[in-house]
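Notes for the one structure printed next.
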Amino acid sequence: MKMFSLFVCAVSLAALPLSAQEAQTYQAPGEIVAAAKAEEWVAIAPSDLLVMDLAPDAKGKPRRAVIQLMPPPFSQGWIGNIRKLAAAHWWDGTAVVRVQDNYVTQWGDPTEKKALPEGLAVVPESEYTYSDGKIPMIPMFERPPVDPYAKLSFNWAGWPVALDQKQAYPVHCYGMVGVGRNLSPDTGTGAE
């Protein structure tokens, strides 16, 4: 029995490098940008850009974050709230409260005591999806969908979108920003 266990272990270890060699590698975001053809670029309306000047870094160097806001039909309640929060400079004096490499960065008011600007929309959960059948689907991924709940992932107007049971919804990919939320039915305001 010991001999059989050692044999299985040796065979398993011998197979590891083969599995590692078969693992598919993906281009880094910078490599994708460098390889993009001119016709693959789309113009971004200045009104769809959120420009945030951040506090200087430890050496006093100015920092700026530029975020493209998603166009209709997706997420417009949150986009409207984000525009109102930015116009009110609501994030001034708030903090980055959580960072996990390759997963999430969260910011907002860690005390949850800072008053939100007037007129923010309460966005219903139904706003997560879009289902009028007018979304042109261009296959985006040659591998399984990036969203575990989706049957298909595709590119819509330059944005990653998934389809599940005839409803489309935006998915988060590396480098994307989303609205922090709580448990259902709390869909978040856009403040985090």
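The basis for the numbers below is simple: all heavy atoms, side chains too, and nothing from hydrogens, waters or symmetry mates.
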(message) Distance check, rounded to the nearest 0.5 Å: Glu127 atom CD versus Trp78 atom CH2?
(response) 6.5 Å

(message) Is any side-chain heavy atom of Trp159 closer than 4.5 Å to one of Val171?
(response) no

(message) Test: salt bridge (Lys or Arg N to Asp or Glu O under 4.0 Å). Region: residues 108-121. Which pairs qualify, not counting sequence neighbours?
(response) none

(request) May I ask whether Val179 and Val97 are part of the same hydrophobic cluster, defined by side-chain heavy atoms of I, L, V, M, F, W, Y residues being less than 4.5 angstrom apart, directly or through others? (result) no

(request) Output the distance between atom CG (Asn81) and atom CG (Leu116), rounded to the nearest 0.5 Å. (result) 9.0 Å

(request) Drop me the distance from Trp107's CH2 to Met52's CE, to the nearest 0.5 angstrom. (result) 6.5 Å

(message) With salt bridge (Lys or Arg N to Asp or Glu O under 4.0 Å) as the rule and sequence neighbours excluded, what pairs involving residues 53-71 come up?
(response) Asp53-Arg64

(request) Name all residues meeting the salt bridge (Lys or Arg N to Asp or Glu O under 4.0 Å) criterion together with Glu125; count only those two or more places apart in sequence or in a different chain, and write none if there are none. (result) Arg181

(request) Please write out which residues are connected to Val33 in a hydrophobic cluster, directly or through intermediates, given that two of Ile, Leu, Val, Met, Phe, Trp, Tyr count as joined at side-chain heavy-atom separations below 4.5 angstrom. (result) Trp41

(message) So, taking the atom named OH in Tyr169 and the one named OG in Ser75, what distance separates them when rounded to the nearest 0.5 Å?
(response) 13.0 Å

(message) Return the CG to CD1 distance between Leu49 and Ile44, rounded to the nearest 0.5 Å.
(response) 5.5 Å

(request) Sequence neighbours left out, what pairs pass salt bridge (Lys or Arg N to Asp or Glu O under 4.0 Å) with at least one residue falling in residues 78-106? (result) Asp48-Arg83

(message) Give me the atom names and distance for the closest heavy-atom approach of Ala168 to Phe74.
(response) O-CE2, 3.4 Å

(message) Do Val177 and Thr105 have side chains that approach each other closer than 4.5 Å (heavy atoms only, starting at C-beta)?
(response) no

(request) Please confirm whether the backbone N or O of Met70 pairs with a side-chain atom of Gln76, one donor and one acceptor, at under 3.5 Å? (result) yes

(message) Let's go through Ile32 and Tyr26 carefully: what are the C-alpha distance in whole Å and the side-chain angles of both, what is the deciding distance for side-chain contact (heavy atoms from CB on, under 4.5 Å) to 0.1 Å, and is it a yes or a no?
(response) CA-CA 9 Å; Ile32 295 168; Tyr26 297 97; over 6 Å; no

(request) Answer with yes or no whether the hydrophobic clustering places Trp91 together with Val99; edges join I, L, V, M, F, W, Y residues whose side-chain heavy atoms lie under 4.5 Å apart. (result) yes

(message) Test side-chain contact (heavy atoms from CB on, under 4.5 Å) on Leu69 and Ile82; report intermediate values, then the result.
(response) CA-CA 9 Å; Leu69 301 173; Ile82 288 168; 4.2 Å; yes

(message) Between Glu40 (side chain only) and Ala38 (backbone N and O only), is there a donor and an acceptor less than 3.5 Å apart?
(response) no

(message) For Pro117, give me all partners under side-chain contact (heavy atoms from CB on, under 4.5 Å), at least two apart in sequence or on another chain.
(response) Leu85, Ala88, Trp90, Leu120

